[in-house]
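Each remark here refers to the structure printed beneath this line.
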Amino acid sequence: MATSIMITLLLYLWFLASIAIASIAIASTPDSVTAGNGSDTDVTALLAFKAQLADPRGVLSNWTTATSFCHWFGVSCSRRRARVVALVLHDVPLQGSISPHLGNLSFLTVLNLTSTGLTGAIPADLGKLHRLEVLVFRRNSLSGVIPPVVGNLTRLEVVDMGHNSISGQIPLELQKLHNLTHIDFITNYLTGPLPNDLFSNNSKLQYLDFGNNSLTGTLPYSVGSLGMLQHLDFQANHFSGPVPTTILNMSKLQILSLGGNWGLTGTIPGNNNTFNLPMLQMISLFANRFTGQIPLGLANCKYIQIISIGENSFEGPVPTWLSKLPDLLLLDLGYNNLIGQIPSALGNITNLVSLGLQSCTLSGLIPQELGQLQQLNALYLDHNHFTGSIPTFFANFSELQVFLIGANSFTGSVPTALGSSRSIEWFNIGGNYQEGSLDFLATLSNCQNIWEVGFDLNDFTGKLPDYVGNFSSTLINFFAEGNKLSGELPSTLSNLSNLVWLDISNNQLTGTIPESIKLMDKLQLLNLSGNSLSGSIPRQIGQLWNLQTLILNNNNFSAASRAAVTSQSYAAASWRSHPSRSKAARRRRWPGQAWSQRMRPTVSPLRRRSLLSQNVGYNSLSGQIPRELQNLRNLRYIDLLVNYLTGPLPNDLFNNTPKLKYLNFRNNSLSGTIPVGIGTLPILQHLEIAYNHFSGPVPELIFNMSKLEMLHLGGNGYLDGSIPGNKSFNLPMLQKICLYENRFMGQIPLGLADCKYLQWIFIGHNLFEGPVPAWLGKLPDLVLLDLESNNLVGPIPSALGNLSNLDTLGLQSCNLTGQIPQELAQLRKIKGLFLDHNHFTGSIPTFFANFSELAVFLIGANSFTGAVPTAIGSTGSVEWFNIGDNYLQGSLDFLATLSNCQNIWEVGFDLNYFTGELPNYVGNFSSTLINFFAVGNRLSGDLPSTLLNLSNLVWLDLSNNQLTGTIPESIMLMDKLQVLNLSGNIMSGTIPRQIGHLRNLQTLILNNNNFSGVLPNDLGNLSNLQYLVLSKNHMSSTIPASLFHMNSLITVDLSQNSLEGALPVDIGQLNHIDRIDLSSNRLFGRIPESFGQFLMTTYLNLSHNSLNGSFPNSFDKLINLKSLDVSYNDLSGTIPQYLANFTDLSSLNLSFNNLHGPIPEGGIFANITLQSLMGNPALCGGVPRLGFMPCKSNNNSNKRQILKFLLPSVIIVVGVIATCMYMMMRKKAKQQDRIISPDMEDVLNNRLISYHDIVRATDNFSETNLLGAGSFGKVFKGQLNDGTMVAIKVLNMELEELEQAHGAGTSY
């Protein structure tokens, strides 16, 4: 751009010289002034002009009546009439407005007030200066509009008002100025279009500059008719549309500058017939929307020196004809859609000073011919796809100042000679695949004017060398993040005394932060995040008075020094995670992008105690927030997210921080109420204190913050109260509000209706009530609306259909009713639709199939009826589909379309009334499918073998249908399965022995089917299995020992089968087992001692088998048991006393065994019922209500000694008496029957039937099985499992309650 500035400067000097010559030619200074010739008018006008100006240096000190006004500084008069013809005050330090009295200088031809400190508007009285030829107000602070009366100055040749603050539109009256040669309004605030016929009568115009304004519309076609035009500058406006072809055919044009409009479009003509600018020296089209190839017509511009056409949409290769432009100094093609390699012919442009090819998707190696560009001082090749190593010839460019090759795919090491010329000022090779050591820094450190060094996002290894401290004091930016650097930080870093930005994040650095960091007192940003640094944050950081951003997250720092904290702040930064090593991430951000226009940044003046932001988030900081932070008056940014901070936020923490814009304490453990002081922060834009333990109401002041854009209070759980209404709710700039997971109540805040910029409303999981407001439909920018899990009522308002930008709608679990309004069909951008767990009715609307971006479709747990529209999924975008728990019916034809969705991961249509077979095309679903739920329908037929195609399926649930057939062996190849549930069907056959191939299986549920055969021994190979439920089948054979060696098992249920044999002796490896049910089988033998190792077990059922022996002694370790059932076995021995000590035991059934001895007291036995002990006639004792005989007490030892002497005598006497009585009673003995207690006889002769068996036998007490009814109850007939027909009497409720009060038990 240097040459461009030079050309413009020469033109401007020519312009000034012309003015001077004109002034000399038309003016002279007479020796005396004769009164009465009009000079008094001129004097009065000049003195009035002086009176309105401040003159601090006395430049106008000779403007007095003591001196002839023609000798006044800057004044020229005509010789003949002695009238003022020129007023030239150039670069004069005055200040004030232009006096309208200047309009009385009727002979004035030149008015030049350049850089005079003028303010205010241009007076309309200047329109009276009919002889005026030159009007220059350049580089002042004039405001207002261009006076239309300027059009009356028909002799004007030069108008220059550039670099002011003039606004408004360009007056049409300017088209009257037929003699204009020079128009310059650069850098003002002009708006509106350029009038189409403004230049229709300006055939003499040579210089035209409206650059850096806010003009709009299209470029006037008449500009191209200016045959003498040499300089045309319309850059940095808002022009749009194509460029008139006439502009590209101007034979005198030397400067064409249309860049920075961003709206100019179309292609640039490519041949000599439509592109003919033979005198062109500079063309600037950058920052627009031009398309097509780079204009071929430029090849004929033999004088061209500057081509700046970057930031457009030009395409194709870099033209080789560029090498035929011998005078070319600057070539900028960056930020276009160019392809291919750099042509080697560019090496012929030996005068080239600046080459810009950045962000063009170019590829290949750097051609060796570029080594001929020895004049190059700026090289921009960053953000392309260049490969290979960095050429060594770059080290020979003796004038190279800018070297940017970042964000490419360069490999290998960096040439160590780079920088040997000592000319480099800006060096950045970040975002490549460079590796090796940092030896090149040794040479680079010799560059005396270098201000930035960047080698970030590469694969450099080793330590950061000590010689980094040798860099010049001019170095202000040092970027080394995202490499593999290790070791400690060198203490020599402190030599970089003027460093402003230091980023060494995301490496493998260890050790502590050196205390010498305090010497780097110019630092504004320090980023050491993402390393393995440890220790405390040194107190010396408190001496970095100019620090604005401190980022130390993702390290092992244990605590911050109090001195460091109180001198500065906790605060924040933008990068919160490790950068990806992907090429895309490297291209998104690299440090060189921080500075626009490739110019050296201006560093703001440094001030004491000016910390603006600090980030110690994502560490392990703990404790409370120090009150001393309130002293940081300049604080603007605080971020302490994801730490372990506790305690309250001090109430007065924010009383002295008026500049605070960003406040983030998310994901800590802070508690108490939210300080009122937050609401007094006048310019706060971002408030995020989510995921803490704050409680109580939110201060009303927080809902009246005029600058707040983000309000995130979600996830605290204890914030309550209602949100103020519209009278005390004023957040005009709010864009995102998140209040979810709290206890807010009342209606949805009406004040949100006035937040016209609102994009997110995230207030789910609260206690809001009332209807969904219709005013939500008036928020045009709303993207996310989440009201889930509130107490809302009524239907969905049709007005929500007006939210055309909405992509997420969350209304689940809100008790909403009614049908889905047809107006929702207008939500064409919807991606997430959450309507589940409500009471919606009607059919599923067909317009859902038209949502081309729909990814989440959840409408389950409602009352939808009818068939599912078969077109749903036709767009191929659905990823999460669940319509379960409705009243839908019909076939599964909709699955055919849904299977076309390439990214779908869940399909759920469970708990409906779908019928028919599971179709073969379920196997057409994408490999992304992981969940398939079809439970609780009326599906029939066999399982399709195509299920095998779902190779990544994790959860398959087809339970509670009417499926038949066997389990296909192909399912055993679905090795990603974790849950397989086929329970509650009519399936039969054996369990495939290949079941052991499902190595990831965690849950296997096959109960309530007709499976038979043996249990596969391969079940023991399922090392991850946690839940095994095979109950209510017809499985036979023994239980494989391998089943009891599965350490992950939590539940085993093999009940109600025909399993037989003894339990394996060694079954104690089930370390996590919680429930074991082996009941209703044919198991025999003793209960193994190893059962005592089931320390985690809470439920154990071994009933209805033939187990014998006594309780294992190891049972005393089962202290977590809650339920134990060993009824209907042949167990013997006594009841263990330790069962009374099991405090969690609430259910115990020992009935129908051969147990004897006393019933323990206390614990479970204090409330045990007869049903739990009956069938054990040798038991005794227990609580009286049980009716067992008291236990016999033992004789004392002294009585036994007496019996030794008395027993023989007693035997003799008893024998005599017995003989006598025998003869007397013999006859009676034959007539008497043995008497047995009727109650005991009933107990011995009748079976005990469980309630479950009775319910099943009577078909749940169906009326069809009712035999009769009386005053005491009803009698039902029933058939037991073994075919026995029984009659069952059910006593009425009053009698049942009476019997239970007396311990009689169940009344059947």
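- Using a 4.5 Å heavy-atom cutoff, the side chains of Leu1022 and Leu1028 are not in contact.
- In this structure, Pro1016 and Pro992 approach most closely via the heavy-atom pair CG-O, 3.9 Å.
- Between Trp905 and Val954, every side-chain heavy-atom pair lies at or beyond the 4.5 Å cut-off.
- With sequence neighbours excluded, no residue satisfies side chain to side chain donor-acceptor pair (under 3.5 Å) with Asn1081.
- Few gaps surround NE2 on His1045; more than 12 heavy atoms of other groups in view lie less than 6.0 Å from it.
- Annotation: the span from Leu898 atom CG to Ser926 atom OG amounts to 11.0 Å, rounded to 0.5 Å.
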Please set out all donor-acceptor pairs under 3.5 angstrom arising from side-chain atoms of residues 970-982, sequence neighbours excluded.
| from | atom 1 | to | atom 2 | distance (Å) |
| --- | --- | --- | --- | --- |
| Gln978 | OE1 | Gln1002 | NE2 | 3.3 |
| Asn981 | OD1 | Ser983 | N | 3.1 |
| Asn981 | OD1 | Ser983 | OG | 2.8 |

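- For Asn838, there are no side chain to side chain donor-acceptor pair (under 3.5 Å) partners at least two apart in sequence or on another chain.
- Judged purely by atom type and a 3.5 angstrom limit, Asn952 uses its side chain to pair as donor or acceptor with the backbone of Ser927.
- What you find for Ser1055 and Asn1057 is that their closest heavy atoms are O-ND2, 3.1 Å.
- The CG atom of Leu1139 lies 12.5 Å from the CD1 atom of Ile1159; values are rounded to the nearest 0.5 Å.
- Looking at Phe1044 and Ile1039, their side chains come closer than 4.5 Å, going by heavy atoms from C-beta outward.
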Query - Full working for side-chain hydrogen bond (donor to acceptor under 3.5 Å, both in side chains) between Thr1098 and Asp1074 - result: CA-CA 5 Å; Thr1098 63; Asp1074 176 66; 2.8 Å; yes
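- Distance alone, capped at 3.5 Å, is enough to place a donor-acceptor pair between the Asn862 side chain and the His839 backbone.
- Sequence neighbours left out, the pairs with a member in residues 922-961 that pass ring-ring contact (aromatic ring centres under 6.0 Å, His included) are Phe909-Phe932, Phe933-Trp955.
- The distance from atom OG of Ser1147 to atom CG of Leu1100, rounded to the nearest 0.5 Å, is 11.5 Å.
- By the neighbour-count criterion of 12 heavy atoms within 6.0 Å, atom CG of Leu1095 is densely surrounded, having more than that number from other residues, nucleotides or ligands.
- In this structure, the side chain of Asn886 engages the main chain of Ile859 through a donor-acceptor pair within 3.5 Å.
- Judged by distance alone, the side chain of Asn985 and the main-chain N or O of Leu958 form a donor-acceptor pair under 3.5 Å.
- Residue pairs meeting the side chain to side chain donor-acceptor pair (under 3.5 Å) criterion with at least one partner in residues 1106-1121, sequence neighbours excluded, are Glu1089-Ser1114.
- No option in Asp885, Val935, Asn961 other than Val935 meets the side-chain contact (heavy atoms from CB on, under 4.5 Å) test with Asp910.
- Considering every non-hydrogen atom in both Val868 and Ile844, the closest pair reads CG2-CD1, 4.3 Å.
- Partners of Thr946 under the side-chain contact (heavy atoms from CB on, under 4.5 Å) rule, at least two apart in sequence or in another chain, are Asn920, Val922, Pro944, Asn949.
- Applying the side-chain contact (heavy atoms from CB on, under 4.5 Å) criterion to Arg993, with sequence neighbours excluded, gives no partner residue.
- The ring pair (Phe, Tyr, Trp, His ring centres under 6.0 Å) test applied to Tyr1138 returns Phe1142, not counting sequence neighbours.
- Here the closest non-hydrogen pair linking Leu1173 and Leu1150 is CD2-CD1, 4.1 Å.
- Here the side chain of Asn1153 pairs a donor or acceptor atom with the backbone of Asn1129 at under 3.5 angstrom.
- How far CG of Leu1043 is from OG1 of Thr1038: 10.5 Å, rounded to the nearest 0.5 Å.
- Applying the side chain to side chain donor-acceptor pair (under 3.5 Å) rule to pairs touching residues 1012-1021 yields Asn1017-Ser1042, sequence neighbours excluded.
- The CD atom of Glu788 lies 11.0 Å from the NE2 atom of His837; values are rounded to the nearest 0.5 Å.
- A donor-acceptor pair is defined here as one N or O able to donate and one able to accept, closer than 3.5 Å; no such pair exists between the side chain of Gln1137 and the backbone of Ile1135.
- Checking side-chain atoms of Asn1033 against main-chain N and O of Met1035 turns up no donor-acceptor pair under 3.5 Å.
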Report task. Please step through side chain to side chain contact (heavy atoms under 4.5 Å, CB included) for the pair Leu835 and Phe864, ending with a clear verdict. Result -> CA-CA 11 Å; Leu835 303 180; Phe864 290 112; 5.6 Å; no
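- Counting only residues at least two apart or on different chains, no ring-ring contact (aromatic ring centres under 6.0 Å, His included) pair has a member in residues 1007-1042.
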Query raised in the report: Going through the distances and angles, do Leu929 and Leu953 end up as a side chain to side chain contact (heavy atoms under 4.5 Å, CB included)?
Result: CA-CA 6 Å; Leu929 190 67; Leu953 203 64; 3.9 Å; yes
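- By the side chain to side chain donor-acceptor pair (under 3.5 Å) test, Gln994 pairs with Glu969, sequence neighbours left out.
- With hydrogens and angles disregarded, no donor-acceptor distance shorter than 3.5 Å links the side chain of Ser1151 to the backbone of Ser1127.
- For the pair Thr964 and Asp942, the minimum side-chain heavy-atom distance is below 4.5 Å.
- Looking at Phe1111 and Leu1155, their side chains come closer than 4.5 Å, going by heavy atoms from C-beta outward.
- Rounding to the nearest 0.5 angstrom, the gap separating the CG atom in Leu1001 from the CG atom in Leu1019 is 9.5 Å.
- Contacts of Glu906 classified as side chain to side chain donor-acceptor pair (under 3.5 Å), with partners at least two apart in sequence or in another chain: Trp880, Asn882, Asn931.
- Within the 4.5 Å cutoff, no side-chain heavy atoms of Leu892 are placed close to those of Asn937.
- Counting only N and O atoms by type, the side chains of Asn1047 and Asn1071 include a donor and acceptor under 3.5 Å apart.
- Not a single donor-acceptor pair under 3.5 Å links the side chain of Asn912 to the backbone N or O of Gln889.
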Requested in this report: Mind running side chain to side chain contact (heavy atoms under 4.5 Å, CB included) on Leu1025 and Leu1004 for me, showing each step along the way?
Outcome: CA-CA 8 Å; Leu1025 196 65; Leu1004 178 61; 4.1 Å; yes
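- Taking each heavy atom of Ile1164 and Leu1145 in turn, the nearest pair found is CD1-O, 3.6 Å.
- Heavy atoms only, all atoms of each residue included: Leu1118 and Phe1094 are closest at CD2-O, 3.2 Å.
- Looking only at side-chain heavy atoms (C-beta outward), Phe914 and Leu895 stay at 4.5 Å or farther from each other.
- Side-chain atoms of Leu1131 and Ile1087, non-hydrogen and from C-beta on, do get closer than 4.5 Å to each other.
- Of the possible donor and acceptor atoms, none in the side chain of Ser1031 sits under 3.5 Å from a partner among the backbone N and O of Gln1056.
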